[in-house]
Chemist: 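Sharing a structure here in structure tokens format.
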Amino acid sequence: MSENIKTGKRGEDLAADFLTYKGFEILRRNYKFRRAEIDIIARKEDWVIFVEVKTRSYSYYGYPEEFVDSAQAGRIFQAAEEFIYSTNWRGHIRFDIISVLLGENPEIVHFEDAIN
């Protein structure tokens with residue numbers, strides 16, 4: 001397993017633990033549809049939240065949340081639409097980013113409604 005994949009998986013694990021601690025139910029991880037993947041799909045009350053997790057080991061080239069581009073956002077929206085359709089979800093939806101900056105004490109920042 002490459003270092004980038006290990007870094008990403010560690011960030012996703014930390015993000016899932018963070019969301020669980022905040023009272024979210026994790027519905028799916030690494031949900032795939034065609035060429036798109038949603039890192040975490042979580043639920044809290046009558047909301048389903050589609051979460052993109054961005055992880056970096058350091059911030060020399062920018063903060064993790066700065067690396068979600070419009071093409072990736074479009075793929076996330078397509079995958080979310082398929083999830084909503086396939087599960088017949090009728091509640092609220094939101095697209096969030098969780099930024100994870102690794103280190104001795106990882107920094108986790110949750111940006112709600114960050115992708116639109």
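Throughout, numbering of the chain's residues begins at 1 and tracks the sequence.
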Chemist: Got a second to check how far F50's CZ is from R28's CZ, nearest 0.5 Å?
Modeler: 10.0 Å

Chemist: At their closest point, which heavy atom of R29 faces which heavy atom of D13, and how far apart are they?
Modeler: NH2-OD1, 2.7 Å

Chemist: Can you see which heavy atom on N30 is nearest to which on E12, and at what distance?
Modeler: ND2-OE1, 3.0 Å

Chemist: Quick one: which residue pairs count as a salt bridge (Lys or Arg N to Asp or Glu O under 4.0 Å) with a foot in residues 107-116, not counting sequence neighbours?
Modeler: R94-E112

Chemist: Can you tell me how far CD1 of I97 sits from CG of D39, rounded to the nearest 0.5 angstrom?
Modeler: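 Between D39 CG and I97 CD1, I get 10.5 Å after rounding to 0.5 Å.
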
Chemist: How many angstroms lie between atom NZ of K9 and atom CG of L14, to the nearest 0.5 angstrom?
Modeler: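 It comes to 10.0 Å.
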
Chemist: Side chains of residues 77-84: which donor-acceptor pairs under 3.5 Å do they make with residues two or more places apart or in other chains?
Modeler:
none

Chemist: Rounded to the nearest 0.5 Å, what separates atom CD1 in I76 from atom CD in E37?
Modeler: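 Here the rounded value is 9.5 Å.
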
Chemist: Side chains of V68 and K54: closer than 4.5 Å at any heavy-atom pair?
Modeler: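 Yes, at least one pair of side-chain atoms sits under 4.5 Å.
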
Chemist: Check ring-ring contact (aromatic ring centres under 6.0 Å, His included) between H92 and all other residues, then give those that pass, not counting sequence neighbours.
Modeler: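 Per chain and number, H92 pairs via ring-ring contact (aromatic ring centres under 6.0 Å, His included) with W47.
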
Chemist: Should I26 and I41 be counted in the same cluster of Ile, Leu, Val, Met, Phe, Trp and Tyr side chains packed under 4.5 Å apart?
Modeler: no

Chemist: I'd like to know if L27 and V53 are part of one continuous hydrophobic network [Ile/Leu/Val/Met/Phe/Trp/Tyr, side-chain heavy atoms within less than 4.5 Å].
Modeler: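 Not linked; separate clusters.
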
Chemist: Distance check, rounded to the nearest 0.5 Å: L102 atom CG versus I108 atom CD1?
Modeler: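 These two atoms lie 9.0 Å from each other.
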
Chemist: Quick check for you: to the nearest 0.5 Å, what is the distance between I38 atom CD1 and I49 atom CD1?
Modeler: 12.0 Å

Chemist: Between Q72 and I115, is any pair of side-chain heavy atoms under 4.5 Å apart?
Modeler: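 They are not in side-chain contact.
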
Chemist: Do you know which two heavy atoms are closest between R10 and P106, and how far apart they sit?
Modeler: NH2-CG, 3.9 Å

Chemist: Give the minimum heavy-atom separation between A15 and I98, together with the two atoms involved.
Modeler: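 Distance-wise, the nearest heavy atoms are CB-CG2, 3.8 Å.
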
Chemist: Do V109 and I40 share a hydrophobic cluster, counting only Ile, Leu, Val, Met, Phe, Trp and Tyr and linking them when any side-chain heavy atoms are less than 4.5 Å apart?
Modeler: no

Chemist: Of the non-hydrogen atoms in A42 and L19, which two are nearest, and what is the gap between them?
Modeler: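 That would be CB-CD1, 4.4 Å.
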
